[in-house]
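Working notes, structure below.
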Amino acid sequence: MKYTTRQSAILLLSDGTIFHGKSIGISGTTFGEVCFNTGMTGYQEIFTDPSYFGQIMVATNAHIGNYGVNNKEIESESIKIAGLVCKNFSFNYSREDASGSLEDYFTKQNLICISDVDTRGLVSYIRDNGAMNSVICTDGTPIEELKAALAKVPDMKGLELASKVSTKTPYFFGDENATYKISALDLGIKTNILRNLAKRDCYIKVFPYDSKYSELAAFNPDGFFLSNGPGDPDPLFGAIEVAKEILANNKPLFGICLGHQVIALANGISTYKMFNGHRGINHPVKNVVTGKGEITSQNHGFAVNKEELDANPDMEITHLHLNDETVAGMRMKNKIASRFSTIQKQVQGHMIRLICLISL
């Protein structure tokens, strides 16, 4: 068993509330919007998910680090969360195929973490008061100094973050001899999305977030995909324009999470910042088309305006979140099916077309 002397640390919320804990790994301060994930496993996938860029993650599972890390279980090339808050941090791990400890992983990637926090109380507080900016401090910086710095951190609403996590240059994924070709606009794409598309006989070319429609179309794809990603969809004017052009040219289009919201905006339907957002691996969704319930993995802090979607004669809701009746999926009624609809149906079983989620 490993024993270490650890520094006292705090989580300071923008409304002045303070939660106390102990420092893990490196010393310093980190800022971001505080949010929580209710998943009981898959912490490494969460930490490396680009959709979490700029956010301080609160883990509701009581134990983090107990199975170490595995180099095959990452969703991007680096940790994307701004910081971690947890209850019990395991310095020791017991997993045969682990590549190393979570502590070493955090230290190598300079992630600031605070443990021994009353996460039950913290999550309850966020649920009652909403997501807000916060700072983790493990180096003893005075409270008033932290408050002044925290006041300068921009709100997530109106914040464009896709440019921070998108690829800089196009790249390919999958078998070039696959049946289908997809042009994917990278707004913060998870590796597992690419894996699952490739598994379904797709060859994908991934483009930077600011690519033009002409660039995506030059690949001559069977369909276009808009990925998940962090931040507010509203400032993504380029991506919205790309979606409009794809639809104007009657090309197959589907999206997940941020991409789903961009498609709504391209159809004149607004989005809004949610009070808490949906983040976890057991979110109940009703498939309106089949009438069946689906247990889903979700990670988004913005949603599509349900009233405007209902009022649009060319759109229909396909999935509803059963906890709060928010839109979880949609489709256009005025577009004809194509040969690519086959793969869209296959993907729907795991990634649900035009929906705000992606399975871990």
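Here the structure is a predicted model, which is why all the values come from computation and not from measurement.
Separating the CZ atom in Phe89 from the CG atom in Asp116 is a distance of 11.0 Å, to the nearest 0.5 Å. Summarising the geometry, atom CE belonging to Met57 is positioned 6.5 Å from atom CG belonging to Asn299; distances are rounded to the nearest 0.5 Å. Taking CG of Leu187 as the reference point, atom CG of Asp210 lies at 10.5 Å (rounded to 0.5 Å). Distance check, rounded to the nearest 0.5 Å: OG of Ser94 to CG of Asn92 gives 9.0 Å. Taking CD1 of Ile204 as the start and CG of Leu194 as the end, the distance is 5.5 Å to the nearest 0.5 Å. In this structure, the separation between CD1 on Ile182 and CG on Leu216 is 11.5 Å, given to the nearest 0.5 Å.
Checked options Phe106, Tyr105, Tyr52; the residue passing with Phe47 is Phe106 (criterion: ring pair (Phe, Tyr, Trp, His ring centres under 6.0 Å)). For the side chain to side chain contact (heavy atoms under 4.5 Å, CB included) with Met330, the lone residue among Met315, Glu316, His319 that qualifies is Met315.
In the displayed structure, Lys164 atom NZ is contacted under 6.0 Å by at most 12 heavy atoms of other residues, nucleotides or ligands. In the displayed structure, Lys205 atom NZ is contacted under 6.0 Å by more than 12 heavy atoms of other residues, nucleotides or ligands.
No side-chain N or O of Asp186 forms a donor-acceptor pair with one of Thr167 less than 3.5 Å apart. At a cut-off of 3.5 Å, with distance as the only test, no side-chain donor of Ser78 or Gln109 sits close to an acceptor on the other residue. Checked by atom type, the side-chain pair Asp314/Asn267 shows no donor-acceptor distance below 3.5 Å. One side chain, Asp324 or His278, offers a donor N or O that lies under 3.5 Å from an acceptor on the other. Thr296 and Gln298 share a donor-acceptor pair across their side chains, judged by distance under 3.5 Å alone.
Contact annotation: the side chain of Tyr43 never approaches that of Asn61 to less than 4.5 Å [non-hydrogen atoms, C-beta and beyond]. The shortest distance between side-chain heavy atoms of Thr138 and Gln7 does not fall below 4.5 Å. Put simply, the side chain of Pro50 reaches to within 4.5 Å of the side chain of Lys190, judged on heavy atoms. Using a 4.5 Å cut-off on side-chain heavy atoms (C-beta onward), Ile112 and Ile114 make no contact. Counting heavy atoms from C-beta outward, Val117 and Val58 have side chains that stay 4.5 Å or more apart. You'll find the side chain of Asp49 stays beyond 4.5 Å of the side chain of Glu45, heavy atoms only. Inter-residue side-chain proximity for Lys335 and Asn250 is flagged as met; some heavy-atom pair is nearer than 4.5 Å. Contact of the Ser134 side chain with the Ser14 side chain is not registered, since no non-hydrogen atoms from C-beta on lie closer than 4.5 Å.
Distance alone, capped at 3.5 Å, places no donor-acceptor pair between the Asn282 side chain and the Gly39 backbone. Looking only at distances, a side-chain donor or acceptor of Asn249 sits under 3.5 Å from a matching main-chain atom of Glu245. For Gln261 (side chain) and Phe302 (main-chain N/O), a donor-acceptor pair under 3.5 Å exists by modelled atom type. When atom types are taken as modelled, the side chain of Asn88 and the backbone of Ala62 share a donor-acceptor pair closer than 3.5 angstrom. Proximity of a side-chain donor or acceptor of Asp201 to a complementary backbone N or O of Thr179 within less than 3.5 Å is detected. The closest donor-acceptor contact from the side chain of Asp222 to the backbone of Lys181 lies under 3.5 Å. Judged by distance alone, with hydrogens and angles left aside, the side-chain atoms of Asn70 form a donor-acceptor pair with the main-chain N or O of Lys72 at under 3.5 Å. Looking only at distances, no side-chain donor or acceptor of Glu103 sits under 3.5 Å from a matching main-chain atom of Ile24. No donor-acceptor pair under 3.5 Å is formed between the side chain of Gln55 and the backbone N or O of Val34. When atom types are taken as modelled, the side chain of Tyr67 and the backbone of Gly42 share a donor-acceptor pair closer than 3.5 angstrom.
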Residues Ile136, Leu11; criterion side chain to side chain contact (heavy atoms under 4.5 Å, CB included); working and verdict: CA-CA 5 Å; Ile136 297 174; Leu11 172 73; 3.8 Å; yes

Is there a side chain to side chain contact (heavy atoms under 4.5 Å, CB included) between Tyr125 and Thr17 once you walk through the steps? CA-CA 10 Å; Tyr125 191 85; Thr17 305; 2.9 Å; yes

Before you tell me yes or no, could you show the steps for Ser8 and Lys22 under side chain to side chain contact (heavy atoms under 4.5 Å, CB included), namely the whole-Å CA-CA distance, both residues' side-chain angles and the distance that decides it to 0.1 Å? CA-CA 5 Å; Ser8 295; Lys22 297 290 185 180; 3.6 Å; yes

Derivation of the side chain to side chain contact (heavy atoms under 4.5 Å, CB included) call for Phe31 and Thr29: CA-CA 7 Å; Phe31 299 82; Thr29 58; 4.0 Å; yes

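Minimum interatomic distance between Gly54 and Met156 (heavy atoms only, all atoms of both residues): O-CE, 4.0 Å. For Val69 against Gln44, the heavy-atom pair with the smallest separation is CA-OE1, 3.4 Å. Between Ala243 and Ala266, the shortest heavy-atom contact is CB-CB, 3.7 Å. Minimum interatomic distance between Ala178 and Cys202 (heavy atoms only, all atoms of both residues): CB-C, 3.7 Å. Nearest heavy atom pair, residue Asn129 against residue Phe275, reads C-CZ, 3.3 Å. Among all heavy-atom pairs drawn from Thr60 and Asn37, the shortest one is OG1-O, 3.0 Å.
By the rule that hydrophobic residues join a cluster once side-chain heavy atoms approach within less than 4.5 Å of another member, Leu253 and Leu258 end up as members of one cluster. Residues Leu84 and Ile74 fall within the same hydrophobic cluster, defined by Ile, Leu, Val, Met, Phe, Trp and Tyr side chains chained together at heavy-atom separations under 4.5 Å. Linking ILVMFWY side-chain heavy atoms closer than 4.5 Å, directly or via other members, places Val289 and Val327 in two distinct hydrophobic clusters. Residue Phe91 is grouped with residue Leu111 when hydrophobic side chains (ILVMFWY) are merged at heavy-atom distances under 4.5 angstrom, including chains of intermediate members. Linking ILVMFWY side-chain heavy atoms closer than 4.5 Å, directly or via other members, places Ile263 and Ile246 in a single hydrophobic cluster.
Taking the six-membered ring where the residue is Trp, Phe207 and Phe219 present perpendicular rings, their angle passing 60° and hence far from 30°. Ring planes of Phe254 and Phe225: tilted class, angle from 30 to 60°.
A salt bridge between Asp118 and Arg120 is absent, with no side-chain N of the basic residue lying under 4.0 Å from a carboxylate O of the acidic one. Under 4.0 Å is where a charged nitrogen must lie from a carboxylate oxygen, and between Arg95 and Glu73 at least one such pair does.
Taking the centre of each ring, Tyr171 and Phe173 stay at or above the 6.0 Å mark.
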